[in-house]
2 protein chains.
Amino acid sequence: MSNKTLPTIYDVARASGVSIATVSRVLNDPHKVTEETRATVLTAIDRLGFVPKAEARARALRSTGRIGVLTPFFTAQSFVQRLRGAAEVLSKHNYELVIYTVSSSVRLNAYLETLPIAHTLDGLIILSLQFSDQHAERLASHGLETVLVEYPHLTLNSIEIDDVAGGRQAAQYLVQKGYTSFGFAGDTTVPEFGIHPITLRLAGFRQGLAEAGFELCAENTLLVPYDMEASRLQGRQFLQRSDRPRAIFSATDLQAVGLLRAARDLGLKVPSEVAILGFDDLDLAEHVGLSTIRQHLDESGRVAAELLLARLADPSRPIQHIHLPLTVITRETA
Amino acid sequence: MSNKTLPTIYDVARASGVSIATVSRVLNDPHKVTEETRATVLTAIDRLGFVPKAEARARALRSTGRIGVLTPFFTAQSFVQRLRGAAEVLSKHNYELVIYTVSSSVRLNAYLETLPIAHTLDGLIILSLQFSDQHAERLASHGLETVLVEYPHLTLNSIEIDDVAGGRQAAQYLVQKGYTSFGFAGDTTVPEFGIHPITLRLAGFRQGLAEAGFELCAENTLLVPYDMEASRLQGRQFLQRSDRPRAIFSATDLQAVGLLRAARDLGLKVPSEVAILGFDDLDLAEHVGLSTIRQHLDESGRVAAELLLARLADPSRPIQHIHLPLTVITRETA
DNA sequence: ATAATTCATGTAAGTGCTTTCACAAAAGCA
DNA sequence: TGCTTTTGTGAAAGCACTTACATGAATTAT
């Protein structure tokens with residue numbers, strides 16, 4: 001009973017013992033065929049589930065909708081957590097999730113140019129990727145419903161956080177804990193595509209310190225690539241200095257954990273000898289007991305997906321820019 | 001402007017004064033076309049509201065350019081790491097990655113019934129899901145190329161590890177390190193769908209201990225749900241006992257980290273007072289310095305995707321059952 | 001200045017299925 | 001025995017695209 005592939009007109013012909021021409025005639029000029037053969041052919045058609053246009057059949061079978069997610073390298077845990085949130089709600093609503101990993105700005109542009117015209121997606125979620133007004137325009141004009149995460153645009157739905165405020169929160173928290181000398185650790189490489197919120201967090205941190213009458217001096221700023229091992233090694237140098245800061249805000253959890261390990265390597269007690277505060281709240285942070293500023297990553301994906309589905313259900317809904325809160329999570333390191 | 005029928009690639013070509021080949025290139029390899037002509041073509045496309053027919057495209061290409069992945073909960077890190085490996089190679093080969101989160105056996109069946117007929121995928125990767133001969137039959141008969149990860153089937157390609165051997169390796173490693181009393185921590189809940197390799201790892205562990213003349217007594221076996229916090233809490237009870245085992249093999253890294261935290265909570269030195277060895281080598285393991293048995297999760301996804309692509313390129317290739325090795329990774333906890 | 005190369009583009013040959021065509025064979029009715 | 005009517009046959013054309021190869025222009029190297 002299981003046919004190799006979809007039944008074609010040839011299968012129907014064979015099954016009903018006539019030629020393909022006759023089958024075609026049954027479908028197109030029925031009156032040119034005897035009542036009798038027409039009946040046999042029609043039952044064969046029914047039995048095989050033959051649909052003349054393969055295209056129509058494919059559409060019929062694809063009952064579910066399809067949502068695409070454009071994401072930069074899926075290696076970073078923060079994207080995974082966002083994706084996880086989105087996947088959760090999409091799967092609940094029976095949507096397929098198509099992932100496009102964007103590895104260069106060329107790829108990004110290619111996607112943004114062709115995806116909207118291909119009409120193969122019902123909606124699109126874009127994670128942390130920078131793009132132009134033309135692209136926004138193009139998405140809108142082709143009616144591809146879109147939600148941006150982390151990179152806002154006036155004419156499109158977005159989920160955002162306030163990185164500057166996050167930096168300030170970090171400063172306030174550490175100040176209020178009684179620390180008086182501060183350090184910062186963050187990423188250096190500014191990507192050609194994608195987004196770099198680190199600078200904003202740093203700016204906010206500086207601001208927050210200034211408001212409390214402190215400042216961050218240049219030698220207490222550690223710039224290091226977004227990589228655990230690198231931050232561990234460079235962190236070791238940084239922490240070895242006798243005049244090292246007492247409290248360090250790291251713009252990402254990954255780097256914070258690198259620092260934490262460096263501290264452990266040096267036998268420094270955390271937080272009594274150095275306090276470390278991260279940013280993001282990756283799963284990882286909980287696992288190692290890192291105090292951090294939570295940006296609700298899973299939630300951002302969840303909210304993005306929900307917003308998208310809501311707009312698909314009712315396209316007249318107005319554009320929304322949803323701001324997610326940041327929360328200080330106190331664990332063991334600050 | 002009256003749309004008699006849908007515009008085709010010919011209409012776009014005529015409207016923008018190029019050949020259909022160029023239009024096709026704009027859509028498929030944009031970089032092969034001058035910025036300038038690309039712009040004219042794109043505006044023509046926009047103006048006419050041209051939508052390329054996916055069906056015709058698939059026909060000409062003899063492929064949809066899409067690979068599906070069936071996975072249980074996207075929440076567990078091990079699946080994410082597998083996915084990451086697969087995503088990496090698929091995106092390199094310009095394939096779209098469609099994710100189907102399978103939350104119940106009903107859903108699994110539904111997918112396995114419709115996906116092969118819908119002809120909307122070139123290939124399928126199935127992660128850690130149990131399925132029947134009928135399903136295998138169905139996939140094969142519809143010519144949907146499939147690779148299984150973690151659940152082997154005679155007639156389909158698969159990527160496997162030897163969980164029993166892994167358990168033995170764990171035992172051997174700990175024995176050779178000089179420990180003489182052993183414990184085990186693992187998952188209890190056997191899912192109705194999905195797979196449960198934990199029992200195998202335990203069996204292997206027992207076997208390995210026996211070979212060295214040791215045994216695992218019942219009160220040194222901790223059964224606890226797959227959850228960090230739960231293993232931490234129950235781990236605390238377990239480790240508090242004065243007759244606790246000196247070396248513990250945890251069947252998953254997540255639970256191992258739970259134990260590790262429990263040990264830290266109790267002020268126990270690791271590994272000098274209690275040694276902990278995990279299994280999986282999640283990213284997490286490196287972050288917390290957990291010694292563990294690496295099962296090359298990323299690699300499994302990568303290999304699965306490569307195998308799939310190889311079979312798509314040359315369907316005459318024989319079925320393969322690839323066994324990935326397990327490696328003991330010594331870090332700081334055992 | 002000339003040869004060599006790269007490059008954008010067009011031509012035309014595919015792709016798998018369906019429809020149409022001209023014509024022949026068979027069957028049905030005088 | 002003829003003359004319709006109904007089928008079968010194989011070939012060809014269409015559909016809406018992709019792509020290998022060819023071409024000629026532009027750019028670079030010599």
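Atom set for the values below is all heavy atoms of this structure, side chains included, hydrogens, waters and symmetry mates excluded. Reminder, nothing fancy here: chain letters follow the sequence lines and each chain counts from 1.
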query = Does B/S63 have any side-chain contact (heavy atoms from CB on, under 4.5 Å) partners at least two apart in sequence or in another chain, and if so, which?
reply = B/D122
Listed partners of B/D283 passing side-chain contact (heavy atoms from CB on, under 4.5 Å), at least two apart = B/Q77, B/Q81, B/R84, B/H287
Whole angstroms only, please: what is the [atom1]-[atom2] distance between [X] and [N]?
{"X": "B/E55", "N": "C/dT18", "atom1": "CD", "atom2": "P", "value": "10 Å"}
{"X": "A/K32", "N": "C/dA22", "atom1": "NZ", "atom2": "P", "value": "11 Å"}
{"X": "B/R38", "N": "C/dC7", "atom1": "CZ", "atom2": "C1'", "value": "15 Å"}
{"X": "B/H31", "N": "C/dT9", "atom1": "NE2", "atom2": "P", "value": "13 Å"}

ask   = Should A/T37 be listed as having a side-chain N or O under 4.0 Å from OP1 or OP2 of D/dT6?
value = no
task = For A/G17, answer base if it contacts any base atom (sugar-phosphate contacts may also be present), sugar-phosphate if it contacts only those atoms, and nothing otherwise; contact means non-hydrogen atoms under 4.0 Å.
result = sugar-phosphate
ask   = So, B/R14 and B/D11, do they make that salt bridge, N to O below 4.0 Å?
value = yes
query = Looking at A/R138 and A/E113, does any basic side-chain N land under 4.0 Å from a carboxylate oxygen?
reply = no
Tabulate atom names and distances for all N/O pairs under 3.5 angstrom spanning the protein and nucleotides 16-20 of chain D.
| unit_1 | atom_1 | unit_2 | atom_2 | d |
| --- | --- | --- | --- | --- |
| D/dC17 | OP1 | B/K53 | N | 2.7 |
| D/dC17 | OP2 | B/I9 | N | 2.7 |
| D/dT18 | OP1 | B/N28 | OD1 | 3.2 |
| D/dT18 | OP1 | B/N28 | ND2 | 2.6 |
| D/dT18 | OP1 | B/R57 | NE | 3.3 |
| D/dT18 | OP2 | B/S24 | OG | 2.4 |
| D/dT18 | OP2 | B/N28 | ND2 | 3.3 |

inquiry  = If you apply the rule side chain to side chain contact (heavy atoms under 4.5 Å, CB included), what do you find for B/L108 with B/L70, and how did you get there?
reply    = CA-CA 8 Å; B/L108 175 61; B/L70 284 186; 4.0 Å; yes
note = Between B/P116 and the options B/L139, B/L124, B/T146, B/L121, the side chain to side chain contact (heavy atoms under 4.5 Å, CB included) test singles out B/L139
